[in-house]
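Take a look at the structure below.
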Amino acid sequence: MKNTDPRESFSTALISWYLLNRRDLPWRENPTAYRVFMSEVMLQQTQASRVVPYYERWMKKFQDYSMVASACMDTLLLMWEGLGYYSRLHSLVNACKHIVKNHRGIFPSDYQEAISLPGVGPYTAGAVLSIAYNLPYPALDVNVKRVLARYCDIDAPVDRGPDALYRNKVLFFMPPGKAGTFNQSVMELGALCCLPRSPRCSECPVKGDCLALSRGSLEHRPRRVNRIHPRKRKILVAVILQNGNVFLRRRLKGGLWPGMWEFPHWEWDEDSGDEAVALQNFIFREHGMKPVFRNLLPSITCSYSGIRAIMVPFVFTLNTSQEIRGKDVYWSERSEIINMPIPSTHRKIADIVSFAR
DNA sequence: AAAACGTGGCT
DNA sequence: TAGCCAAGTTT
């Protein structure tokens with residue numbers, strides 16, 4: 001007699017498929033709570049393939065919470081550079097400090113304690129507790145929502161409103177004692193098979209019971225409501241040189257690119273006017289320098305959280321008689337720029353500057 | 001509740 | 001090119 005329990009047929013087929021098809025990702029070897037925690041934070045809003053090199057560098061350098069907690073912030077920022085969402089890093093460091101101080105260096109196995117750690121939300125708490133400790137919590141990310149929205153033909157939007165419906169579905173299907181493997185199976189199906197654009201239904205281990213597939217509603221699952229079209233901006237960037245050194249300033253904690261180094265820049269919202277002069281005035285207001293405009297560098301487009309920007313780099317030189325020093329400003333040698341944590345779009349400009357001639 | 005927060009690959 | 005998308009959390 002074949003098993004016809006809908007819970008078991010889903011999880012059994014899914015786990016069998018997972019054990020055969022899963023990727024050999026580094027955080028899947030020896031999945032201690034520390035290793036899983038570091039990977040889950042890096043993976044937030046990011047694709048696995050992009051995280052791999054960052055994760056391997058991180059694990060080589062930091063083997064436990066106390067090593068992260070005591071590391072130099074610039075070193076940490078440099079290791080995170082390019083991953084984006086830098087507040088994750090600041091939260092992660094604070095979480096590590098908290099675990100060392102209050103949990104004897106052991107990730108808490110209590111859900112409420114876990115979710116109260118900085119940067120740890122429902123997803124990350126569920127992922128660490130299920131994967132590292134095999135505790136029965138959902139790890140509800142967009143992959144899981146997409147798989148369930150299709151398999152159960154759920155119309156509730158995945159990007160707004162309460163998650164209770166989706167969480168209950170996960171718990172309904174979760175087989176006893178296999179929380180970690182089950183959660184990873186659903187996520188992996190979403191990442192490899194139940195893809196956002198063109199799902200590979202012919203390869204799917206649970207296609208036989210997929211409601212969206214049988215009802216023909218696959219195109220409408222998952223349903224989304226939140227669509228923000230990006231606004232355009234033009235940003236004038238100042239590359240100020242003095243004796244061959246490059247002027248950088250450190251951003252404040254909070255907001256965009258917290259704690260990282262950048263070129264001074266000014267958002268340009270006019271239709272016309274002398275951009276170089278406007279930028280020069282800004283530099284004087286902000287930093288008290290009066291550098292001389294020399295030339296332009298190639299413009300760079302970038303986008304982040306609803307903004308599409310074009311960055312226009314202006315090269316200035318500053319007379320040696322003007323001495324500008326300060327806590328959060330720095331004259332970097334060209335060869336040294338590579339060791340400063342700099343956000344991705346500014347890094348492209350920095351590379352031109354540091355490798356020029 | 002809605003907006004902020006990065007970045008790069010793909011179509 | 002412009003839009004969509006990704007192992008979410010915080011305010």
Side-chain angles (χ1 to χ4, degrees), chain A residues 18 22-23 25-28 31 35-55 77 80-92 94-95 114-128 130-132 138-147 157-163 166-167 170 180 183-192 194-199 222 224-232 251 253-260 262 300-311 341-348:
Chain A
Y18 174 69
R22 68 177 199 167
R23 294 165 291 179
L25 298 167
W27 45 89
R28 289 189 172 149
R35 291 171 55 82
V36 174
F37 183 30
M38 298 302 118
S39 73
E40 291 302 341
V41 174
M42 290 183 182
L43 285 162
Q44 288 168 15
Q45 295 295 102
T46 311
Q47 294 171 83
S49 57
R50 279 186 52 69
V51 169
V52 169
Y54 288 87
Y55 180 80
L77 280 167
W80 203 273
E81 184 188 304
L83 264 184
Y85 288 106
Y86 299 92
S87 67
R88 289 185 294 175
L89 174 64
H90 297 276
S91 295
L92 181 61
N94 289 332
I115 205 172
S116 70
L117 293 167
V120 176
Y123 167 76
T124 306
V128 176
S130 65
I131 296 170
L140 198 61
D141 68 350
V142 281
N143 280 324
V144 176
K145 284 184 176 179
R146 185 172 61 253
V147 169
V158 292
D159 58 350
R160 191 172 295 181
D163 285 335
Y166 286 99
R167 295 182 69 82
V170 175
N183 282 344
Q184 292 185 86
S185 301
V186 187
M187 288 193 271
E188 195 75 341
L189 189 78
L192 299 183
C194 197
L195 303 173
R197 302 285 182 87
S198 33
R224 294 175 179 277
V225 293
N226 191 19
R227 280 282 170 265
I228 309 162
H229 24 223
R231 293 189 318 157
K232 292 187 177 179
R251 293 185 65 91
K253 293 282 184 74
L256 188 64
W257 302 323
M260 301 187 84
E262 65 172 7
I300 289 165
T301 58
C302 65
S303 59
Y304 55 91
S305 54
I307 305 288
R308 169 160 285 275
I310 180 160
M311 320 270 287
I342 293 171
S344 187
T345 53
H346 287 244
R347 173 62 74 192
K348 290 171 188 164

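Only heavy atoms go into these numbers, but all of them, side chains included; no hydrogens, no water, no symmetry mates. In what follows, every chain begins at residue 1, and chains take the letters A, B, ... in the order their sequences are listed.
- Nucleic acid contact class of V144(A) (heavy atoms, under 4.0 Å, all strands): none.
- Spacing between atom OH of Y85(A) and atom P of dT7(B) amounts to 10 Å, rounded to whole angstrom units.
- Within the structure, a side-chain polar atom (N or O) of Y86(A) is placed less than 4.0 Å from OP1 or OP2 of dT7(B).
- Across all strands shown, R347(A) has no heavy atoms under 4.0 Å from either base or sugar-phosphate atoms.
- The shortest distance between the side-chain N/O atoms of R224(A) and the OP1/OP2 oxygens of dA6(C) is below 4.0 Å.
- Within the nucleic acid shown, W27(A) comes within 4.0 Å of at least one base atom, counting heavy atoms only.
- Across dA2(C), dC5(C), dT7(B), the shortest atom-to-atom separation from the side chain of P196(A) is found for dC5(C).
- In this structure, the nucleotide among dA6(C), dA7(C), dT7(B) sitting nearest to the side chain of R146(A) is dA6(C).
- R22(A) places no side-chain N or O within 3.5 Å of a backbone atom of E188(A) that could act as its donor or acceptor partner.
- Following rounding to the nearest Å, Q47(A) (CD) and dG8(C) (C1') show an atom-to-atom distance of 14 Å.
- V144(A) and D141(A) make their closest contact through N-OD1, 2.8 Å (heavy atoms, listed as atom of the first residue, atom of the second, distance).
- Taking CD1 of I342(A) as the start and CZ of R251(A) as the end, the distance is 13.0 Å to the nearest 0.5 Å.
- Nearest-nucleotide assignment on DNA chain B puts the 5′-proximal partner with P162(A), out of P162(A) and Q45(A).
- Residue-level contact check: K145(A) touches neither bases nor backbone, having no heavy atom under 4.0 Å from any strand.
- Looking at heavy-atom distances under 4.0 Å, G82(A) makes contact with sugar-phosphate atoms alone, never a base.
- Heavy atoms of S39(A) sit nowhere under 4.0 angstrom from any nucleic acid atom.
- Listed nucleotides: dT9(C), dC5(B), dT7(B). Nearest to the side chain of L256(A): dC5(B).
- Of the side-chain N and O atoms in K348(A), one or more sit less than 4.0 angstrom from OP1 or OP2 of dG8(B).
- Checking the phosphate oxygens (OP1, OP2) of dA2(B), a side-chain nitrogen or oxygen of R160(A) falls inside 4.0 Å.
- Nearest heavy atom pair, residue R23(A) against residue A48(A), reads NH1-CB, 3.8 Å.
- The side chain of S91(A) places no N or O atom within less than 4.0 Å of a non-bridging phosphate oxygen (OP1 or OP2) of dT10(C).
- We find that CG of L43(A) is positioned 15 Å from C1' of dT9(C), with the value rounded to whole Å.
- Checked by atom type and distance alone, the side chain of S116(A) never pairs as donor or acceptor with a backbone atom of A114(A) at under 3.5 Å.
- Considering CZ of R28(A) and OG of S39(A), their distance stands at 9.5 Å, rounded to 0.5 Å.
- Using a 4.0 Å heavy-atom criterion, one finds that E188(A) contacts the bases of the nucleic acid, with or without backbone contacts as well.
- Among the heavy atoms of the strands lying under 4.0 Å from L25(A) is at least one base atom, whether or not backbone atoms are also near.
- Residues R197(A) and T46(A) both approach DNA chain B. Their nearest nucleotides, taken by heavy-atom distance, put T46(A) toward the 5′ side.
- Distances shown here put every side-chain N or O of W257(A) at or beyond 4.0 Å from the OP1 or OP2 atom of dA4(B).
- With both ends at atom P, the span from dA7(C) to dA4(B) equals 23 Å, rounded to whole Å.
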